[in-house]
Each structure stands twice: as C-alpha cells, then as structure tokens.
Visitor: 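Please see the structure below; I have some questions.
Heavy-atom basis, side chains included; hydrogens, waters and symmetry copies ignored.
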Amino acid sequence: MKKLLLYLEKKVHCGKDVRYGTMLKINQKKSACTIIQSNERGFTLVTILFSLAIISTTLALIPTIYRLIDQQSYTDELSIRQFFHFLSNEIHENDFNYVQANTIYVTKQTGEKIAISSYQDMIRKQTNQTGHEILVGNIHTFIVEELSYGIHVTITTITGEIYAKTFTFY
C-alpha cells in the first residue's frame, strides 16, 4: 500500500515523473497475444496472400498490355489514302499539265499553277511556286510516272511500306 501512495504522490503523467522529468520504470504484463521476440522474422499468411493476389493480377493483365503495345498503327496508311484522294481531286477538277522530276504540275481554272512534289521527308503542295502546304509526312521516296492515259504514283514510307496508285484522265 505504501508503494501505491508513493506512486500517486509523484503526480505521474503519461508514464513520466513530472517533478524530475524522467521516465518511470513500469513493468507491463506480457500476454500471449503481444509476445513478439525481436529476432523472429518471417511472412504471415496475410502477406503471402496479398503478394499472390498482386502477382496473379499482374500475370492476368500481361496479354492485354502486350496487345496494346503491339497494335499496329494505321496512321501512315490512312494519310497516304487521303493523299491519293486529294491528288485524284486535284487532277480531275483542274487541267493536268505535265510531270517533271517527280513533280506533278496542274493548272487551276483560275490560272493558278499548282506543283505537288517531294520535299525532304514529306510531300508538299505549292501554288504559283509559293507556299508550303504539307500533304503527307514520313515519306522516303515519291515517284511519279507519266502514262499515255494518266499518271502512276508510287510512295515508299520511312518504315518501308510501298503504296502505288494509277490515276486515269477522263
């Protein structure tokens, strides 16, 4: 009982002796649930199940991710098709003049002269030898052959794909 009175007289606050500012040595009883030795290391069932859940989810998503990464891009093909459509309209709506050095020369009904030619890695359109309207990019070669009934255009992209189309006059 004396110990209890001494203990209460020290004015204990959160395990600290208020008068002296030192920590009290209070022995706590160890129960079966809180005994953990500091040298024990290992995995619990929960951590193993958690890691298995992460690994299985990742493995399930790998084929989907691979399909997204490996999907082909059709932007080059679509831009070449759009260029062929544009070129067909230019040839049929205007007066075709001639082909010289892989350049197509067309004269509009207003008298403007249009030149469609290769420039660096793109195909451009110039009106009256001015301007720089880019029609297609990522082009390796642009070959134009004049035929008796039209023109034949062959385009090779930077990736090595070859596109060709023949435009007939009517």
Side-chain angles (χ1 to χ4, degrees), residues 31-170:
S31 67
C33 296
T34 59
I35 295 176
I36 299 174
Q37 293 181 1
S38 62
N39 62 355
E40 286 186 28
R41 294 190 180 155
F43 297 105
T44 63
L45 180 62
V46 174
T47 58
I48 291 173
L49 290 176
F50 184 71
S51 62
L52 283 174
I54 291 174
I55 290 171
S56 63
T57 305
T58 305
L59 289 175
L61 291 177
I62 285 177
T64 306
I65 293 170
Y66 181 72
R67 271 188 261 129
L68 288 174
I69 292 172
D70 194 41
Q71 190 166 356
Q72 290 181 339
S73 175
Y74 294 106
T75 54
D76 286 342
E77 181 179 351
L78 291 175
S79 64
I80 298 293
R81 285 185 182 197
Q82 184 178 11
F83 168 72
F84 283 156
H85 182 70
F86 170 79
L87 186 58
S88 174
N89 286 343
E90 286 291 326
I91 290 172
H92 294 118
E93 291 175 0
N94 302 311
D95 296 328
F96 173 76
N97 289 351
Y98 59 93
V99 173
Q100 181 182 12
N102 290 326
T103 302
I104 302 169
Y105 294 96
V106 178
T107 303
K108 282 189 164 189
Q109 294 172 352
T110 60
E112 296 176 318
K113 296 188 186 280
I114 297 173
I116 299 171
S117 63
S118 174
Y119 178 74
Q120 294 177 353
D121 67 340
M122 59 192 92
I123 298 174
R124 70 176 177 180
K125 172 185 170 185
Q126 289 183 306
T127 305
N128 293 329
Q129 296 180 345
T130 60
H132 183 77
E133 183 180 344
I134 299 171
L135 302 175
V136 181
N138 299 328
I139 300 299
H140 186 262
T141 59
F142 176 64
I143 300 170
V144 182
E145 300 172 39
E146 190 169 2
L147 307 171
S148 61
Y149 55 89
I151 59 171
H152 182 76
V153 178
T154 305
I155 298 173
T156 306
T157 62
I158 291 177
T159 59
E161 297 171 357
I162 299 172
Y163 301 93
K165 184 159 181 158
T166 302
F167 299 94
T168 58
F169 303 135
Y170 49 82

Visitor: What's the shortest heavy-atom distance between Thr103 and Ala115, and which atoms?
Guide: CG2-CB, 4.1 Å
Visitor: Using 0.5 Å steps for rounding, measure from the OG atom of Ser79 to the OH atom of Tyr74.
Guide: 14.0 Å
Visitor: Test of understanding: with side chain to side chain donor-acceptor pair (under 3.5 Å), list the residues that count as partners of Thr157, not counting sequence neighbours.
Guide: Thr159
Visitor: Within the structure provided, determine whether Tyr163 and Phe84 are in side-chain contact (heavy-atom separation under 4.5 Å).
Guide: yes
Visitor: Quick one: CD1 on Ile123 to CD1 on Ile155, what's the gap to the nearest 0.5 Å?
Guide: 4.0 Å
Visitor: To the nearest 0.5 Å, what is the distance between CD1 on Ile114 and CG on Asn94?
Guide: 5.0 Å
Visitor: Kindly write out the residues that satisfy salt bridge (Lys or Arg N to Asp or Glu O under 4.0 Å) with Glu161, not counting sequence neighbours, or none if the list is empty.
Guide: none
Visitor: Less than 4.5 Å apart, side chain to side chain, heavy atoms only: is that true for Phe86 and Glu90?
Guide: yes
Visitor: Determine the minimum heavy-atom distance between Leu87 and Ile116, stating which atoms define it.
Guide: CD1-CD1, 3.6 Å
Visitor: Please output the side-chain donor-acceptor pairs of residues 49-58 that fall under 3.5 Å, not counting sequence neighbours, one pair per line with the distance.
Guide:
{"unit_1": "Ser51", "atom_1": "OG", "unit_2": "Thr47", "atom_2": "O", "d": "3.2"}
{"unit_1": "Ser51", "atom_1": "OG", "unit_2": "Ile48", "atom_2": "O", "d": "2.9"}
{"unit_1": "Ser56", "atom_1": "OG", "unit_2": "Leu52", "atom_2": "O", "d": "3.0"}
{"unit_1": "Ser56", "atom_1": "OG", "unit_2": "Ala53", "atom_2": "O", "d": "3.0"}
{"unit_1": "Thr57", "atom_1": "OG1", "unit_2": "Ala53", "atom_2": "O", "d": "2.7"}
{"unit_1": "Thr58", "atom_1": "OG1", "unit_2": "Ile54", "atom_2": "O", "d": "2.8"}

Visitor: If you draw a 6.0 Å radius around CD in Glu112, do more than 12 non-hydrogen atoms from other residues or ligands fall strictly inside?
Guide: yes
Visitor: Which pairs, with at least one residue in residues 113-126 and sequence neighbours excluded, count as a side-chain hydrogen bond (donor to acceptor under 3.5 Å, both in side chains)?
Guide: Arg124-His132
Visitor: May I have the list of side-chain donor-acceptor pairs in residues 133-150 shorter than 3.5 Å, sequence neighbours left out?
Guide:
{"unit_1": "Thr141", "atom_1": "OG1", "unit_2": "Thr156", "atom_2": "OG1", "d": "3.0"}

Visitor: What is the distance from atom CZ of Phe169 to atom NE2 of His92, rounded to the nearest 0.5 Å?
Guide: 7.5 Å
Visitor: When His152 is tested against each of Thr168, Thr166, Val99 for side chain to side chain contact (heavy atoms under 4.5 Å, CB included), which residue passes?
Guide: Thr166
Visitor: My understanding is that only residues two or more places apart in sequence, or in another chain, count here; which of them pass side chain to side chain donor-acceptor pair (under 3.5 Å) with Thr64?
Guide: none
Visitor: Over all heavy atoms of both residues, which pair between Ala164 and Thr154 is shortest? Give the atoms and the distance, please.
Guide: CB-OG1, 4.0 Å
